[in-house]
Each structure stands twice: as structure tokens, then as C-alpha cells.
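Here is the structure we will look at, set down as C-alpha cells.
Indexing begins at 1, ligand by ligand and atom by atom, following the structure's order. Note that the structure is a prediction, hence the values are computed from the model and not measured. The figures that follow rest on heavy atoms only: side chains count, while hydrogens, waters and symmetry mates do not.
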Amino acid sequence: MKHEKSVILLNKAAADELAAVHQYMYFHFQCDDQGYDLLAGLFKTTAIEEMLHIERLAERILFLKGDVDLVAAHGVEHLADVRKMLERAAEMETQSAADYNTWANECGANADSASKKLFEDLVADEERHFDQYDTELDNMAKFGDRYLALQSIERSKTRSAGPVK
Ligand SMILES: [Fe+2]
Ligand SMILES: [Fe+2]
């Protein structure tokens, strides 16, 4: 295989992405259970985007004639506090963006510009995810307890609007 090092890095990324899918779906269930619909939705949407990242990584791995390990890099952290969830999620995105930047450079140095480009595309997405979580943390700092109250009101509004047609 020509790009063995790339396959290793792409598999590491897929393992991190799978861990993120599990973590964000766990946060989604927690927020949904606690009645915070907006955050529950944000975690679910982001989990789906991370799943699509796995798909892109897997396609590249198979193109390079490697195999997709698809084992999560780590287990789920059981956090129920909303601020802690957002802090953890922001940390995960920061780490992913840093890793993918490094790995993009490594792939570039090994003359694998398609893998480099893929990692660069993922960096842009992870930075956007970071920004979304960071904005929620800012709102939480700004509005305090009212932030969570507003989230609960959102659920009541949706429910009082009647059945979805
Ligand atoms: Fe991702
Ligand atoms: Fe992300």
C-alpha cells in the first residue's frame, strides 16, 4: 500500500469521530430527558455531522486499499450537567481541529494531498462545531439560570403549537 501512514491517521480520525458520535448522542438523550430541546437538537445534529465525517474518512481509507477499524477511541463520559456537557464538547472540537491540522500536514509531507484536503475540510467543520458550543457557553454565562429556563419554555411552545402536521 502506497499511503500506509495516511491510512493509520485516517483510522485514528474515524475512531475519534465515532467516540464523538456516541458522546454527542449521549448528551442529546440527557438534554432531551431534562427538557432542553434546543441543546438536544444541537447535539443530535452535530452527532449526525460527525457520522458523515466517518463516511468520508472510510471512503478515503478504502480508496487507499486499507480497512476501516471503526472502534471508538474512548467510551462515553456520563455527564448530566449542561455546562459540563458544553465544556466537554468544546474541548473535543478543539482537540479534533488541532489533530486534523497536524495530520493534514503529515499527509501533505507524504505527498498525499487528497487526504490532506480531507483533513483540512474536517478542520473547518470542527471549528464551526466549536463555535456553536462556545456560543451556547457564552449565552449561559450571559443569561445564567434564565438560559435553561428559556430552553424549557421552548419545549412548552412547541408542544402548545399542537400536533405536527
Ligand atoms: Fe468530526
Ligand atoms: Fe465536530
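For the Fe ion (ligand 1), the nearby protein N/O/S atoms, meaning those under 2.8 Å, are Glu17 OE1, Glu17 OE2, Glu50 OE1, His53 ND1, Glu126 OE2.
Asn110 and His3 form no side-chain donor-acceptor contact under 3.5 Å, judged by distance and modelled atom types alone.
In this structure, the side chain of Ser115 does not engage the main chain of Asp112 through any donor-acceptor pair within 3.5 Å.
For the pair Thr102/Glu106, a side-chain contact is recorded, criterion being any heavy-atom separation below 4.5 Å from C-beta on. Two residues are said to be in side-chain contact when any heavy atoms from C-beta on lie closer than 4.5 Å; Asp99 and Asp16 meet this criterion.
Hydrophobic clustering, defined by side-chain heavy atoms of Ile, Leu, Val, Met, Phe, Trp and Tyr closer than 4.5 Å, groups Leu42 together with Tyr24, Tyr26, Phe27, Tyr36, Leu39, Phe43, Val76, Leu79, Val82, Met85, Leu86, Met92, Tyr133, Leu137, Met140, Phe143, Tyr147, Leu148.
Between Tyr100 and Phe119, the two ring planes are tilted [angle within 30° to 60°].
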